[in-house]
Enquirer: 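First, the structure itself, so that you have it in front of you.
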Amino acid sequence: MTNAPPRLRLITGKGGVGKTAVAAAVALSEARAGRRTLLCEINGRDRLAGLLGVEPVGYALREVFDNVSLIDINPRDAIHEYALLTLRFEALYKAVFENGLVRRFLRLVPSLSELVMLGKIWFHAQEQAHGRPRYDVIVVDAPATGHALALLGAPRAVQNTVPPGPMRENARLIEAMLTDPQHTALNVVTTPEDMPVTEAQELLQGAAALGVRAGTVFINSRLGPLPAEGLAALRPLADDPELAGVHRALVMREAKRLAGEEHLQRLPGPLLAAAQSLPRLATGPFDRSAVESLATLLRPWQAQGVA
Amino acid sequence: MPPLWSGRRVIVCVGTGGVGKTTVSATLAVAAAAAGLRTLVMTIDPARRLAHALGLTRLGNTEHQIDAALLAPYGVQLTAPLWAMMPDVKRTFDDLIHRWAPTPERATQILENRIYQHFSSALAGSHEYAAVEKLYEVYNSGKYDLIVLDTPPSQNAMDFLDAPGRIIDFLESDALQWLKRPTRLAGRLSLRLLDVGSNFVFKSIGKLAGTDTLRELTEFLLGFQGMYEGFRERSRAVRALLRSTDLAFVLVTATAPSQLRAMWRFRDELEAQDLPVRGVVLNRLRAPLLRTTAQPHLDARLDALLSPLPAPTANAMRNAIAEETFLAAADAAAASALRDRLGTRPLITLPELPLDAHDLASLARLHQAFL
């Protein structure tokens, strides 16, 4: 479509807020708009494949729908791939890395796992096919808050601890990709609740400190207000022997909604104003059809700015 | 039915992220203190309001006693003291280093090592290890009749249970044995590691990670020399506590299918290891909307109230009622399936409250369920 490098959208938030579902929905909506999309899971045990109802992919990238390729990146395979690139020979790799001792050692090198996983994403961001970038968009279902910040901070950490050499140079290139506002955006997912909003704030602050641009915030399971006159009309039910439960449930729903909206006020004003709200899907299991219905609700990316 | 904690001195609450483990742990502790047990709740990363309610304004390895007068207005009479604590992972590790290092200089050398700093805060399992380590310490203090331990959210219960084992494995790993050998031959803790530079394997790692990193790593591992015995003993003792008859697990879940699946997985993992599961807490159970099944008659009554409203308003209300009815029915079905599958094992259900249960009023309201 264009020769611009692919846009990288990193989707993260507190555990349990629906990151994976949002990442899947974003990927489907990008693909529907005709953009070649790579959807990456990080150490995800193929949860996305399960959600989308396709065969597990693991580390073997595969196109699962038109315009949607899927991969589940794990540090072990990523280190293997990276080491092969650096050491050049499989035999050498085997001699060095298939040694339990060395593996244990590598596990302790700060940020190495994170760096090689980002390296894998970087590799696909540079990839060309038919004289143009292979993907228009890369959507990453990133880990939850703390691990997400460790992941994004890895290139900086490596440059601070590793002397000049191939690894440090790679870290520099990866950091340049992550901190290019035209290229990369961090999409925080939250629900209108106390802890998820607190972690959203931590993520936004962490991203700012690392120089990663914050893109659209997704507010998942956000309820619309109940009309006051509607609640007033049901007030006679409050002490009704049969229907008090209906009144109570709606009052509770509205109280929770208001409390949730108050928590959301802690988000930076402009991001909150531009946030993409997603409804609570209260019907049936959360599966591919639910993801597809979420995807249709997403604003076109043009309206969201770069991402 | 006896309370969940009867006959135990430690209750460990396990569950996946987002089920309200921290609130459930605090509620259980309030109930135990109301029942006359000197109780400590050890919590990890509580919501700010809960932390504030419990007086836990910052991380600290010391217990904070909760003022009984704070709970009294909500109708809770604590008949024994209640404490709360939020263990500090890094401090816990640092304390261990201070305890086992042969000399203060060695302790400083380790504490200042960047690899150690990474290891003590960022390595998978370090939170879990710090929690059980601290648990062991307070358990042995004998100050408490009951300790309720909230665990970090995790994908499987073993992350937590394996933590002491992983530390032992690490300390006994081939990598360490191998590293220690040349220095032992040299008879001193010197930087024979410089040999490392000429070693083929290390050269390759150095090429990837940088030789400085490698040197720091080696220094870190060698710094532990002389401390292994202490660490190993301690890890064994901690592991023994996790398997003692003084301790039992309580599984915490909310009503979403994925949360229930995770709960069953935890249960299977614990039982596969012969670890005692005392019961299940089903949190945030929605109350049914309708008390009878006479739907048509009730629908007609609702309609009578809603139809005079403008159509969009009436529709918004009908949709909301349909959605809440669906969710409550799904919760009821989940609770009943859970009850069937648990058989005679205790199931405690906690109702959904209008607000996140992060304050003392909510704890007071919920704690009845455990008594």
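Just so you know, these numbers use all the heavy atoms, side chains as well, and skip hydrogens, waters and symmetry mates. Proteins get letters first, then strands, A, B, ... in listed order; numbering begins at 1 in each.
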Enquirer: Give, as side chain, backbone, both or neither, the part of B:Pro310 having an atom under 4.5 angstrom from any heavy atom of chain A.
Expert: side chain

Enquirer: Is B:Arg284 salt-bridged to A:Glu193, cutoff N-O under 4.0 Å?
Expert: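 Not counted as a salt bridge, because no side-chain N and carboxylate O are separated by less than 4.0 Å.
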
Enquirer: Can you name the nearest heavy-atom pair linking B:Leu309 to A:Gly230, along with the distance?
Expert: CD1-CA, 3.9 Å

Enquirer: Using side-chain heavy atoms (C-beta onward) and a distance below 4.5 Å, is A:Leu234 in contact with B:Ile321?
Expert: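 In contact.
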
Enquirer: Find the distance between CG (B:Leu305) and CZ (A:Arg235) and round it off to the nearest 0.5 Å.
Expert: 12.5 Å

Enquirer: Is the closest side-chain heavy-atom distance between A:Leu223 and B:Glu323 below 4.5 Å?
Expert: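 A:Leu223 vs B:Glu323: side chains touch.
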
Enquirer: Do B:Thr325 and A:Val246 pass the side chain to side chain contact (heavy atoms under 4.5 Å, CB included) test, and can you show the C-alpha distance, the side-chain angles, and the key distance before you say yes or no?
Expert: CA-CA 8 Å; B:Thr325 305; A:Val246 173; 6.0 Å; no

Enquirer: Report the C-alpha distance between A:Asp240 and B:Arg301 in whole Å, list the side-chain angles of each, state the deciding distance to 0.1 Å, and finish with yes or no for side chain to side chain contact (heavy atoms under 4.5 Å, CB included).
Expert: CA-CA 11 Å; A:Asp240 188 285; B:Arg301 288 188 54 209; 2.2 Å; yes

Enquirer: Quick check on B:Gln259 against chain A: is it the side chain, the backbone, both or neither that has a heavy atom closer than 4.5 Å?
Expert: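 When you check distances to chain A, no heavy atom of B:Gln259 falls under 4.5 Å.
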
Enquirer: Under the salt bridge (charged side-chain N to carboxylate O under 4.0 Å, His left out) rule, what do B:Glu324 and A:Arg280 come out as? Steps first, then yes or no, please.
Expert: CA-CA 11 Å; B:Glu324 296 301 322; A:Arg280 180 174 69 182; 2.9 Å; yes

Enquirer: Once rounded to the nearest 0.5 Å, what's the spacing between atom CZ of B:Arg286 and atom CE of A:Met252?
Expert: 9.5 Å

Enquirer: Between atom CD of A:Glu229 and atom CE of B:Met317, what is the distance when rounded to the nearest 0.5 Å?
Expert: 9.5 Å

Enquirer: To the nearest 0.5 Å, how far apart are NE2 in A:His247 and CG in B:Leu289?
Expert: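 One gets 11.5 Å once the value is rounded to the nearest 0.5 Å.
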
Enquirer: Might you confirm whether atom CD of A:Glu169 has over 12 heavy atoms from other residues, nucleotides or ligands at distances under 6.0 Å?
Expert: yes

Enquirer: Given heavy-atom pairs under 4.5 angstrom as the criterion, report whether the side chain, backbone, both or neither of A:Leu237 touches chain B.
Expert: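 Interface part for A:Leu237: side chain.
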
Enquirer: Output the option from A:Gly15, A:Ala233, A:Ala144, A:Gly16 having the highest count of non-hydrogen pairs under 4.5 Å with chain B.
Expert: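 Maximum pair count with chain B is reached by A:Ala233.
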
